[in-house]
Amino acid sequence: MASNSAVPNDETLFEKVVNLSKRRGFVFQSADIYGGFRSTYDYGPIGVLLLRNVKEQWWRTMVQMRHDVVGLDASILSPPSVWEASGHLANFSDPLVDCRECGARHRQDKLDNPEVCPSCEKEGTLTEARQFNLMFKTHAGPMVESAAEVYLRPETAQGMFINFANVLNTSRKKPPFGIAQIGKSFRNEITPGNFVFRTREFEQMEMEFFVPPDESDQWYRHWCEARMAWYRELGMPDDRLRLREHEADELSHYSSATADVEFLFPWGWDELEGIANRSDFDLNQHAEHSGARLEYHDPGSGERYVPHVIEPAAGATRTAMAFLMAAYDEEQVNDDVRTVLRLDPRLAPYKVAVLPLSKKAELIEPSTEVLGLLQPHWMCDYDQTQAIGRRYRRQDEIGTPFCVTIDFDTLDDQAVTVRERDSMSQQRVPISDLVDHLSTRLGA
Ligand code: GAP
């Protein structure tokens with residue numbers, strides 16, 4: 001991502017990114033034609049590509065590029081026993097207060113002043129806090145009365161803990177090793193908001209790294225550094241990214257250390273990912289509740305131990321939004337303001353757009369051929385409407401790194417114009433060299 005001239009905390013940045021998301025098909029309000037279902041969102045044709053790319057980059061770094069991490073795709077529905085053992089049934093709740101005056105609901109722990117309702121600004125109108133469990137409950141089976149209660153997972157992590165023995169027995173891994181998963185999680189948030197930042201249905205990218213107990217500090221530091229490097233390497237600017245270590249009073253009783261990767265959103269610093277040293281808490285809990293033996297037995301030394309766990313837990317949907325905000329830029333070009341998403345090419349929804357200069361039939365055929373040449377390599381857009389300048393701007397707005405224009409000279413010289421998003425520079429390239437040329441410039 002090149003330098004971003006939009007002021008990070010510019011209040012309008014949030015609105016601009018939300019508007020762009022709706023206008024260009026990144027994100028739509030869910031059930032839009034029925035008036036919208038509050039705080040749930042659908043990812044449109046461009047957004048689904050960005051989100052896939054964020055997840056693919058995470059998977060590549062966390063699984064593909066490591067010999068010590070394997071993947072998993074666990075079920076979303078699970079029985080109460082899992083959540084009893086994990087502590088979610090008893091503890092996964094937020095303190096909820098109602099305003100007697102205006103009826104607004106708030107999370108007490110997020111109020112600036114616990115005596116004042118932030119909606120109507122009246123003092124002394126808030127009720128006592130009630131604990132509100134954030135898990136969604138439903139029923140498995142046709143008859144609600146006799147059906148089993150099940151929960152939609154509020155995090156993907158428990159899938160990794162309850163499959164620890166399965167993976168250990170089948171993968172030939174031994175600590176230190178990790179199990180990684182990307183998938184949907186559900187939380188009945190009291191105060192969803194800030195667009196896709198906090199929603200009731202979202203995607204997580206989590207990894208549980210099982211280590212010998214005496215190596216947990218060293219691995220915790222390793223993962224803090226590795227996760228920060230991932231964001232930086234994909235173009236998050238240094239001045240909008242930080243690692244914040246939790247204070248002792250923020251830590252859960254079983255965690256010896258936790259840090260948040262935070263991004264400077266338009267409303268201030270907020271969490272993208274948590275990295276926690278979870279000790280042997282989760283494996284012990286599930287061993288105790290299930291009766292299963294969740295430990296590692298070293299066949300060489302005969303040693304048995306319950307591994308400790310380092311967990312980097314990130315939000316995919318939240319991270320995609322942060323990359324959008326970091327990439328959003330506006331620059332003056334002659335009398336015009338150009339909006340450009342300076343996304344790293346690996347995250348860009350389309351890598352290349354193929355644009356015939358005119359809709360005339362003689363240009364459509366070679367354009368379709370060029371498109372066919374590029375599609376096996378990259379996600380490509382194709383657009384033959386409007387003036388070419390406006391089409392370039394449309395591609396800039398969704399972050400497409402390269403536009404390939406087929407013009408009337410192409411019919412003679414078998415070459416096309418390659419236009420680069422950030423510099424807007426143009427270069428004539430023979431069609432026969434096009435795939436190599438773009439591969440070099442895209443770095444893939
Ligand atoms: N297993 C640990 C765990 O789930 P978490 O901090 O509650 O930790 C991890 O969640 C990440 O998931 C967060 O850093 C955030 O990016 C994302 N996340 C959590 N709740 C979310 C929500 N309601 N909407 C969108 N993303 C959320």
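When a ligand or atom number is given, it counts from 1 through the structure's own listing order.
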Check the orientation of [X] and [Y]. Use parallel for under 30°, tilted for 30 to 60°, and perpendicular for over 60°.
| X | Y | value |
| --- | --- | --- |
| Y305 | Y296 | perpendicular |
| W267 | F197 | perpendicular |
| F263 | F265 | perpendicular |

Taking both backbone and side-chain atoms of [X], is any N or O found less than 3.5 Å from an N or O belonging to ligand 1?
| X | value |
| --- | --- |
| L272 | yes |
| E189 | yes |
| R198 | no |
| E311 | yes |
| G315 | yes |

*asked:* Checking side chain to side chain contact (heavy atoms under 4.5 Å, CB included) between T319 and each of V261, L51, V54, which is the one that passes?
replied: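 By the side chain to side chain contact (heavy atoms under 4.5 Å, CB included) criterion, T319 pairs with just one of V261, L51, V54: V54.
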*Return the residue, atom name and 0.1 Å-rounded distance of the protein heavy atom closest to atom 6 (O) of ligand 1.*
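Heavy-atom neighbour on the protein nearest atom 6 (O) of ligand 1: E271 OE2, 3.1 Å.
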*asked:* Could you identify the single nearest non-hydrogen protein atom to atom 25 (C) of ligand 1 and state the distance to 0.1 Å?
replied: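 Protein heavy atom at minimum distance: F197 O, 3.1 Å.
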*Mark yes or no: R242 above the aromatic ring of W269, with NZ or CZ under 6.0 Å from the six-membered ring centre and no more than 45 degrees from the axis.*
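Yes.
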*Using the ring of F402 (Phe, Tyr or Trp, six-membered ring only), decide whether R441 places NZ or CZ under 6.0 Å from its centre and within 45 degrees of its axis.*
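No, R441 does not lie over the aromatic ring of F402.
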